[in-house]
Amino acid sequence: MKPIKSINDFVIRFANVNGTGSASANNMFVKSVFRMGVPVSPKNIFPSNIQGLPTWYEVRVCEQGYIGSRGGVDIAVCMNPQSMAEDIRAVEAGGYVVYDNSKPMDLRMHRDDITFIGLPLTEICRNEYSDPRQRQLFKNVIYIGALSALLNIEFGVLKDLVGDQFRGKEKLIAPNIHALELGYQYAREKFKCPLGVHLERRDLVGDKILIEGNDALALGAIYGGATVVAWYPITPSTSVVDAFEKYAKRLRIDAGSGDRKFAIAQAEDELAAIGMVIGAGWMGARAFTATSGPGLSLMSEFLGLAYFAEVPAVLFDIQRAGPSTGMPTRTQQSDILSAAYASHGDTRHVLLFPADPAECFDMGATSFDLAEQLQTPIIVLSDLDLGMNDYMSEPLSWNGKKTYRRGKVLGSDQLEKLTERYGRYLDVDDDGICYRTLPGTHPSKGVFFTRGTSRDEYAQYTESGDAYVRNMERLLKKFETAKSYVPAPEFYAAAKSTRDGMIFFGTSTQSCLEALDGLAAEGIHCDGMRLRAFPFNLEVENFIASHDRIFVVEQNRDGQMRKLLIVECEVDPKKLVSMTHYDGMPITARKIVGAVRSAVGGATVTPIRRKKAGEKS
Amino acid sequence: MKPIKSINDFVIRFANVNGTGSASANNMFVKSVFRMGVPVSPKNIFPSNIQGLPTWYEVRVCEQGYIGSRGGVDIAVCMNPQSMAEDIRAVEAGGYVVYDNSKPMDLRMHRDDITFIGLPLTEICRNEYSDPRQRQLFKNVIYIGALSALLNIEFGVLKDLVGDQFRGKEKLIAPNIHALELGYQYAREKFKCPLGVHLERRDLVGDKILIEGNDALALGAIYGGATVVAWYPITPSTSVVDAFEKYAKRLRIDAGSGDRKFAIAQAEDELAAIGMVIGAGWMGARAFTATSGPGLSLMSEFLGLAYFAEVPAVLFDIQRAGPSTGMPTRTQQSDILSAAYASHGDTRHVLLFPADPAECFDMGATSFDLAEQLQTPIIVLSDLDLGMNDYMSEPLSWNGKKTYRRGKVLGSDQLEKLTERYGRYLDVDDDGICYRTLPGTHPSKGVFFTRGTSRDEYAQYTESGDAYVRNMERLLKKFETAKSYVPAPEFYAAAKSTRDGMIFFGTSTQSCLEALDGLAAEGIHCDGMRLRAFPFNLEVENFIASHDRIFVVEQNRDGQMRKLLIVECEVDPKKLVSMTHYDGMPITARKIVGAVRSAVGGATVTPIRRKKAGEKS
Amino acid sequence: MSYIRPNFRHPELPANEKGYTKRHYEGAISTLCAGCGHDSVSGAIIQSCYEMAIEPHRIAKISGIGCSSKTPTYFLGNSHGFNSVHGRMPSVATGANLANRNMIYIGVSGDGDSASIGLGQFAHVARRNLNMLYLVENNGCYGLTKGQDSATADVGSASKKGEPNPYEPIDLCALALQAGASFVARSFSGDKEQLVPLIKAAIAHTGFAFIDVISPCVTFNNTASSTKGYEFARSHIEATGKIDFVPLRKEITADYAPGFSQEITLHDGSVIHLYKQEELDCHDRNGALAAIQDYAGRGQILTGLLYIDPDTRDFHDNQNTTKKPLVDLGQSELCPGNRALKAINASLR
Amino acid sequence: MSYIRPNFRHPELPANEKGYTKRHYEGAISTLCAGCGHDSVSGAIIQSCYEMAIEPHRIAKISGIGCSSKTPTYFLGNSHGFNSVHGRMPSVATGANLANRNMIYIGVSGDGDSASIGLGQFAHVARRNLNMLYLVENNGCYGLTKGQDSATADVGSASKKGEPNPYEPIDLCALALQAGASFVARSFSGDKEQLVPLIKAAIAHTGFAFIDVISPCVTFNNTASSTKGYEFARSHIEATGKIDFVPLRKEITADYAPGFSQEITLHDGSVIHLYKQEELDCHDRNGALAAIQDYAGRGQILTGLLYIDPDTRDFHDNQNTTKKPLVDLGQSELCPGNRALKAINASLR
Ligand SMILES: Cc1ncc(C[n+]2csc(CCOP(=O)(O)OP(=O)(O)O)c2C)c(N)n1
Ligand SMILES: Cc1ncc(C[n+]2csc(CCOP(=O)(O)OP(=O)(O)O)c2C)c(N)n1
Ligand code: SF4
Ligand code: SF4
Ligand SMILES: [Mg+2]
Ligand SMILES: [Mg+2]
């Protein structure tokens with residue numbers, strides 16, 4: 001058999017047991033690749049429990065800079081006996097398996113088309129450490145040390161990482177470095193290093209950063225001026241609020257008093273969380289909540305109130321695999337329809353679709369501008385893949401000249417000057433957006449009553465059908481206006497002019513871009529459009545109009561974004577070919593290429609999907 | 001001016017004050033028309049409060065048998081000073097105003113193109129009765145008496161009605177008849193009776209009945225074998241449960257013990273109500289809840305659980321004008337999208353659309369068959385118009401041979417015989433529907449664990465993407481299967497063959513049928529199709545395929561049913577012309593005719609709507 | 001925000017020292033049933049705010065859904081109000097309060113709104129000791145949906161259907177006490193004498209002030225067997241004493257007999273004098289609970305101020321939020337700027 | 001339904017008089033953290049049902065969402081179970097019970113599940129006195145979402161973030177007593193001696209039986225205030241900002257006699273004091289409430305059976321439902337047939 005040979009282009013998969021401290025060690029591996037200037041993208045595949053179940057950490061190293069999931073495994077680091085058989089089976093022919101050979105391996109797992117690299121980790125730890133906890137923890141550090149030899153990771157880089165990681169806890173540095181060396185030495189002596197698959201220093205990451213989308217979103221909210229946060233814990237959204245708190249405690253403390261320039265309320269449930277956000281928005285504060293599918297469902301009554309009463313609110317929905325509790329630690333883009341049309345009656349909500357951390361930061365901030373300008377809820381649809389995995393991203397940047405857009409709010413001076421009667425729901429500017437006032441602004445002017453029941457232009461309760469219709473029509477007009485406020489789509493023109501297009505958004509982006517390159521190499525050219533917001537604006541409609549066949553790639557079962565495009569842009573469904581992937585793992589370029597290839601090849605079914613039961617297109 | 005002349009074809013509108021006991025008197029008027037063999041349809045237009053605000057009771061008398069709202073008022077019975085000016089303005093030229101002239105009328109209200117008929121009601125009551133409560137109550141009865149003279153209602157019919165109404169309270173009969181006579185005599189003496197507009201006995205109602213949709217729905221549930229009811233009060237759904245209780249106390253009491261063969265739980269909120277229904281369905285009982293928009297929103301998390309865990313449940317959504325609290329005492333068909341796609345993730349729910357009480361009864365019963373056969377929630381979408389107004393309807397009928405379809409449930413004997421391992425989610429019959437077992441059935445076989453998380457065919461928890469996808473695909477297949485289970489659409493072929501079609505459902509039906517006749521008279525022919533359920537089956541797709549232009553009539557702003565048709569049947573939007581009406585009042589044939597006329601006339605905008613802001617089509 | 005003194009005056013009506021006449025505190029005409037207890041409560045709120053000379057625009061009114069929750073439209077027409085959704089007023093009030101701690105919050109709810117669908121939010125807002133007046137207009141039924149029993153309906157009391165209610169009523173005062181409310185009182189809508197001072201004390205209190213006001217539903221809840229019914233309530237209420245709210249500026253104690261008095265100094269320095277029987281100590285949470293159950297055991301409803309802790313930490317204290325309301329912080333105070341961001345980027349390489 | 005006696009026997013294991021060995025009451029292998037208190041509770045449930053010789057298929061297990069709510073998968077593998085949604089177990093149990101009153105209902109929940117999102121449903125199911133065992137595995141935190149404070153966390157106790165919790169804990173036993181539960185008890189996960197008899201009594205009781213079981217979370221009751229425990233791991237976690245290391249611990253057990261108090265040291269070194277009551281009058285609701293507050297005042301947690309009313313009317317009694325379970329009624333018993341319908345039609349003309 002021929003071992004795979006490749007430099008800076010491979011997938012390594014760490015198989016561990018949940019709760020054994022492997023995450024931090026594996027993370028050290030990723031950072032070391034990154035610091036060697038080589039593009040890297042890790043995916044954390046963890047179970048919905050706290051300790052004892054299999055967990056995987058799949059790292060793609062890719063000199064070309066593709067950071068979407070690749071699929072396939074070149075190197076498996078098998079640290080979990082439970083899943084070892086399966087993990088070995090997953091390795092590509094010619095690949096490598098790193099495992100703990102303190103006990104002899106079950107021969108039934110053996111494959112002769114791959115290379116086995118045994119490290120006596122348990123044994124080493126038994127000799128080195130007395131405390132079982134230390135044995136457990138350092139085991140992970142030791143295999144990282146071994147990998148540095150096997151894959152040619154500069155040892156200095158690792159040492160620096162340990163230094164940074166344990167800054168402030170200096171007494172932990174030495175033992176960690178020692179553990180690294182143990183592994184490094186052992187591999188050096190026992191194996192021919194480096195392996196055919198290994199790393200080489202490059203200068204390909206520039207000033208990029210490694211950050212999880214949820215952290216970027218939280219930082220965006222801080223920069224965007226969010227002051228009130230109300231939430232209820234739920235995976236994978238919890239880390240948004242954790243990050244907000246962590247950073248706000250650094251960046252939002254009053255120098256003099258030490259008081260907080262923010263408030264975080266852990267609500268009793270999601271209904272209360274969104275209620276608090278709406279109450280704060282009504283008072284004039286920038287407020288948000290973070291949740292996932294089940295929370296979005298619970299918030300739907302309140303979302304209808306905010307839509308109809310026109311109260312600004314921001315909701316970060318970090319999507320996970322539904323329906324119901326579904327697969328809470330797997331990723332999906334499947335809350336699109338329930339977010340767009342949340343709540344009973346005629347409602348429509350503004351959605352944003354960030355694709356990477358830099359955009360999470362931007363949208364995390366601008367969502368508050370939009371909420372106040374449009375006086376309606378803004379739902380930012382991220383997902384577990386983007387939210388909880390380190391993404392290689394452009395550095396976060398803030399335009400110092402940018403000022404918050406607070407929308408149409410009458411201050412006390414404006415009210416003082418006001419001569420005619422104030423009408424909260426008067427469409428003065430004929431754009432569907434009216435002027436609101438904040439409680440406490442003026443002692444005698446601009447007061448109005450906010451309600452979820454029908455009212456006239458002066459916020460007076462009414463059961464008049466005409467007044468009701470006028471108001472509902474104005475809300476439609478406001479939604480039209482919204483099209484010019486929300487971020488425009490991004491375009492990726494094909495090398496050759498073509499009548500084929502591909503529409504994608506959010507975390508499908510990286511794999512779609514890689515797929516477009518791959519297809520082009522095969523002579524299949526598609527123009528690409530990345531959706532960034534709903535409502536869809538004219539550019540979206542034009543892109544669709546100017547192509548004959550458009551592949552809509554998304555990570556859900558029912559082709560929800562495709563449905564939304566069809567009804568909102570009034571598109572003939574035949575034009576939009578659905579390409580869905582929804583097994584909870586991030587979508588790969590391989591699958592997209594395959595699907596497009598066979599679609600172009602004439603087949604109208606999309607092989608991404610096992611069956612097409614119950615669905616046309 | 002020329003007073004309107006017409007026999008058995010007019011609209012009379014009673015304007016009263018909420019809480020003054022007018023309802024029963026006005027109802028007596030409707031029943032008397034009905035018992036004279038003349039088709040009649042009342043609409044109760046009431047405020048969202050309990051006492052003191054204006055309320056209207058609009059009655060259409062129509063020999064041709066059209067029972068949809070007509071629009072316009074021929075006779076106004078003005079008993080509410082508050083709204084009198086407006087009420088008089090609403091009368092068609094040549095119409096009549098009946099009012100209380102005990103005090104002289106404000107001359108500004110006078111119109112000389114209509115006939116004023118003054119009745120000194122307050123005066124008469126002051127002379128006749130001492131107790132103010134009696135004065136209030138009998139005032140209503142007296143004007144009914146006067147109308148019997150003015151409109152030629154057979155006095156004997158009224159007397160019988162009083163007799164029936166007060167059976168058991170005999171001592172109230174005489175005074176009521178006396179009051180009727182007071183009004184009758186006065187009108188006789190003072191005016192030339194009958195007026196140009198009046199009634200004549202006919203034999204046009206056959207064995208029809210007058211009943212509210214909610215009562216019929218409740219009776220359907222009783223006949224369908226519902227045993228567990230869980231609800232939370234909300235207008236306009238409350239009377240479903242009130243009626244269920246009323247009838248169940250008659251029809252579902254154990255003769256021997258007097259025990260109840262049903263249970264009603266007034267839940268603490270809608271989340272609890274649907275939770276109880278799901279718990280009961282899991283145990284094997286036929287259970288339902290009744291609610292309206294806000295409740296539907298609150299139930300959405302639980303609906304996703306029932307969809308994914310495949311637990312039978314029935315939900316009656318009596319729609320009202322949304323969004324949010326909206327206009328709680330006005331009608332709309334605006335929960336269609338939120339019901340069809342309720343809950344986060346990829347979900348789809350089976351919907352039923354009853355159009356009249358007889359169908360409420362049928363669907364009230366069959367919804368439980370469907371829920372158990374399909375093992376999923378069934379949402380019956382009625383509305384305030386149908387639910388809370390007396391509809392002239394075919395008598396309720398029950399096929400004695402019909403037996404409940406319990407779907408695929410393994411009993412203890414079947415389990416006893418079972419040789420291979422039982423798998424709750426094994427698609428044995430390849431129709432997407434699997435065999436369930438009920439708790440307590442068998443001591444050692446057929447046990448399984450129900451959950452909202454992903455699981456394999458044997459109901460074991462799993463995070464395997466493949467198992468998850470297999471399950472989701474099967475759910476799609478089940479939805480396909482559902483198409484052959486749900487009621488088929490109803491067709492109304494045009495007299496001449498045509499390429500135009502009209503799609504409607506629920507309470508838009510009566511007005512659409514009247515409109516189709518009217519249009520035909522103008523030479524505009526449309527084939528009609530009435531949707532009765534979602535998912536849409538082949539017949540629906542064929543109807544759409546076999547027409548070039550189809551008007552989709554519905555009572556909401558966003559054309560929700562049209563959207564659903566487009567994405568679920570993959571129809572080119574250009575084919576479906578949206579015709580919406582949503583001011584909270586029942587839709588009229590006049591408006592539909594006008595809209596179609598101008599659409600056919602070339603205009604693509606639909607004049608039903610004031611503007612088309614923010615919407616194409 | 002500039003608090004401009006209004007320059008209009010009603011010649012005939014007396015103005016309070018902020019220059020507002022009672023009319024400034026009134027609202028739209030009520031659409032409730034004639035004689036509804038809720039209207040009396042609205043009147044008491046109007047009078048309290050007038051007497052306390054609170055600038056109307058400094059008050060925010062919040063409610064859920066129900067006849068009771070409609071009342072904010074009928075009082076304080078010059079204050080912003082929010083009629084939210086059923087049972088969720090507490091969360092809306094919480095968010096509003098977090099945003100602007102300088103406003104005075106008056107939340108009005110019903111027994112259905114707070115004891116059924118809203119029970120969880122009610123208990124948790126009390127636990128957070130949010131600085132607000134939370135007033136329940138308790139009629140033991142769902143008025144707006146036509147008289148179904150609520151969770152506070154008494155055992156055995158007949159609903160409009162005439163069926164005796166078999167369930168123990170939920171006592172919202174007891175629940176508030178358990179959840180950690182720092183001010184808990186009960187009164188009766190028809191008893192302005194007692195209600196107005198309680199409302200004023202509650203508004204003056206810093207922290208969560210709860211008042212359970214028995215407010216009969218004349219339309220659906222007047223069956224003789226219901227303890228929330230007018231007559232019954234009247235005859236069964238045993239007042240624990242009169243309360244007189246006294247702002248620091250001019251203390252009036254003259255017209256009240258001395259003795260049996262307990263003086264409590266509120267956070268804002270104002271003082272309330274209680275005339276009451278010895279055994280109810282308003283500083284004893286458990287004692288209050290016991291007393292409620294005691295009187296309940298005797299088929300009586302204990303009214304008056306049941307518990308107060310003048311000296312608690314409210315939600316903001318526990319959160320260490322700035323004294324300056326969050327809504328008043330400008331971009332310069334909120335946005336850390338580019339320097340900080342560069343440092344963060346650096347830490348992520 | 002035919003209740004066929006199982007004919008399989010495990011030679012080695014002793015069978016109860018219904019012929020079931022303990023193994024018949026076990027479930028799937030637990031995926032909880034080693035040493036989690038919840039697993040001990042599962043063991044106690046298994047033992048109780050075995051000793052009571054309940055036919056497994058006559059039991060229905062229901063739960064919400066959380067580590068605690070996962071446990072029904074780990075016990076009574078031969079009983080139907082329903083892992084529903086977060087905080088809504090009570091409503092699912094209510095519907096199931098209404099449908100089939102012959103089953104035995106065991107509901108398992110967590111403190112987050114019952115005291116936060118589920119507080120309303122918890123109080124109302126107690127008020128309805130639904131015939132079931134409602135068991136909360138109380139660890140004062142949200143285990144499954146990685147250790148946030150729950151509403152039952154003690155004041156001052158530090159969460160995984162190391163911040164002291166400023167809010168009064170909600171005492172679920174007190175709440176259950178107030179709401180009208182007819183059986184209320186508290187115990188400790190490690191104290192099988194006390195827990196097993198309580199569970200058996202609760203199952204035997206007709207009506208709502210609530211047990212609040214203190215069940216430490218070995219992973220997240222790991223606070224900075226810890227004395228011993230595992231600083232090394234903790235500082236590792238602080239440094240890496242990842243809670244990815246959970247050392248294997250052993251379950252904490254307690255064994256102490258009635259009338260005594262025992263000091264229990266949790267995995268993080270923090271200490272709780274349990275007091276096992278001996279002669280508390282279990283028939284006095286208010287007395288029980290007082291006792292709880294009493295001991296709490298002394299920094300002790302009162303354990304044992306706090307209150308029982310052996311003969312109350314459960315939800316079915318109040319509803320007058322047939323003794324025969326509703327699920328067992330056939331069409332002939334449910335469908336009134338055409339004659340009745342004709343009469344109804346006649347009345348509508
Ligand atoms: C989510 C939701 N469910 C139900 C309703 C219907 N509803 C309106 S008011 C009300 C109960 C009001 O009772 P209460 O709070 O006691 O107020 P009251 O009318 O008695 O003063 C209900 C159930 C609603 N508006 N929203
Ligand atoms: C609607 C909803 N919100 C939030 C979550 C996330 N979640 C899962 S378990 C849990 C809390 C569990 O705490 P507890 O009930 O005390 O159980 P424990 O894990 O501590 O045993 C939360 C918030 C969810 N699953 N559903
Ligand atoms: S129904 Fe009852 S609560 Fe509602 S307004 Fe009338 S009297 Fe008041
Ligand atoms: S996290 Fe805590 S509660 Fe959850 S399983 Fe682990 S120890 Fe138990
Ligand atoms: Mg009430
Ligand atoms: Mg917990």
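Reminder, nothing fancy here: chain letters follow the sequence lines and each chain counts from 1. Atom set for the values below is all heavy atoms of this structure, side chains included, hydrogens, waters and symmetry mates excluded.
Note on C/Ala96, C/Ala99, C/Ser79: by heavy-atom pairs under 4.5 Å with chain A, the leading option is C/Ala96. By number of non-hydrogen pairs under 4.5 angstrom with chain C, the leading residue of A/Ile278, A/Leu271, A/Val277, A/Asp269 is A/Leu271. In terms of heavy-atom pairs under 4.5 Å with chain A, the best-connected choice from C/Ile59, C/Thr94, C/Asn78, C/Val85 is C/Val85. Among A/Gly304, A/Ala267, A/Ala459, A/Ala248, the residue with the largest count of heavy-atom pairs under 4.5 Å with chain C is A/Ala267. Ranked by heavy-atom pairs under 4.5 Å with chain C, the list A/Gly224, A/Ala265, A/Gly452 is led by A/Ala265. Contact count against chain C (heavy-atom pairs under 4.5 Å) is highest for A/Val447 among A/Asn399, A/Leu251, A/Val447, A/Thr453. Most heavy-atom pairs under 4.5 Å with chain A: of the set C/Gly120, C/Pro90, C/Gly337, C/Pro56, this distinction falls to C/Gly337. Note: A/Thr450 leads A/Leu210, A/Ile253, A/Thr227, A/Thr450 in heavy-atom pairs under 4.5 Å with chain C. The choice from A/Ala285, A/Ala309, A/Ala280 that makes the most heavy-atom pairs within less than 4.5 Å of chain C is A/Ala280.
Residues A/Arg252 and C/Leu334 approach most closely at NE-O, 2.7 Å, considering heavy atoms. Scanning both residues, A/His442 and C/His57, for their nearest heavy atoms gives O-CB, 3.4 Å. What you find for A/Ala263 and C/Leu98 is that their closest heavy atoms are CB-CD2, 3.9 Å. Nearest heavy atom pair, residue A/Ile222 against residue C/Pro336, reads CG2-CG, 3.8 Å. Shown here for C/Ala60 and A/Met283, the closest heavy-atom pair between the two residues is CB-CE, 3.7 Å.
Considering only heavy atoms from C-beta on, C/Thr31 stays 4.5 Å or farther from A/Tyr461 through its side chain. Taking 4.5 Å as the limit, every side-chain heavy atom of A/Pro443 sits out of range of all side-chain heavy atoms of C/Glu55. Between A/Glu268 and C/Gln121, the closest side-chain pair of non-hydrogen atoms falls below 4.5 Å. For the pair C/Cys335 and A/Trp398, the minimum side-chain heavy-atom distance is below 4.5 Å.
When heavy atoms are compared at a cutoff of 4.5 Å, A/Leu438 approaches chain C solely by way of its backbone atoms N, CA, C and O. When heavy atoms are compared at a cutoff of 4.5 Å, A/Ala287 does not approach chain C at all. The parts of C/Pro72 that come within reach of chain A are both its backbone and its side chain, each placing non-hydrogen atoms under 4.5 angstrom from that chain. With a 4.5 Å cut-off on non-hydrogen atoms, A/Glu394 does not touch chain C at all. Interface residue C/Leu329: only side-chain heavy atoms are found under 4.5 Å from chain A. For C/Ser63, no part lies under 4.5 angstrom from a heavy atom of chain A. Looking at C/Arg127, neither its backbone nor its side chain comes within 4.5 Å of chain A, counting heavy atoms on both sides. Of the atoms belonging to C/Lys324, not a single heavy atom falls under 4.5 Å from chain A. Using a 4.5 Å cut-off between heavy atoms, C/Ile62 contacts chain A through its side chain alone, with no backbone atom that close. Residue contact with chain C, scored on non-hydrogen atoms closer than 4.5 Å, involves the backbone and the side chain of A/Phe448 alike. Contact of A/Lys208 with chain C is made through the backbone alone, with heavy-atom distances under 4.5 Å. If you measure heavy-atom distances from A/Ser257 to chain C, you find no contacts under 4.5 Å at all. Residue A/Asp215 does not touch chain C at all, counting heavy-atom pairs closer than 4.5 Å. Heavy atoms of A/Lys31 lying under 4.5 Å from chain C belong exclusively to its side chain. Residue A/Val205: no heavy atom, backbone or side chain, is found under 4.5 Å from chain C.
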_Test side chain to side chain contact (heavy atoms under 4.5 Å, CB included) applied to C/Leu326 and A/Phe262, step by step_ = CA-CA 7 Å; C/Leu326 295 174; A/Phe262 65 96; 5.6 Å; no

Notebook entry, point to check: When you look at C/Gln331 and A/Thr403, which way does the side chain to side chain contact (heavy atoms under 4.5 Å, CB included) test go after all the steps?
Noted result: CA-CA 7 Å; C/Gln331 178 166 357; A/Thr403 60; 3.6 Å; yes

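The backbone N or O of A/Asp259 sits nowhere less than 3.5 Å from a side-chain atom of C/Asn320 that would complete a donor-acceptor pair. Listed for the C/Gln319 side chain is a donor-acceptor partner under 3.5 Å among the backbone atoms of A/Ile264.
Heavy-atom proximity under 4.5 angstrom to chain A picks out C/Ala340, C/Leu341, C/Ile344, C/Asn345, C/Ser347, C/Leu348, C/Arg349 from residues 339-349 of chain C.
No side-chain N or O of A/Arg451 forms a donor-acceptor pair with one of C/Ser84 less than 3.5 Å apart. Side-chain contact of C/His80 with A/Thr437: a donor-acceptor pair under 3.5 Å is present, judged by distance alone.
Taking a 6.0 Å sphere around CG of A/Asp207, one finds it holds more than 12 heavy atoms contributed by other residues, nucleotides or ligands.
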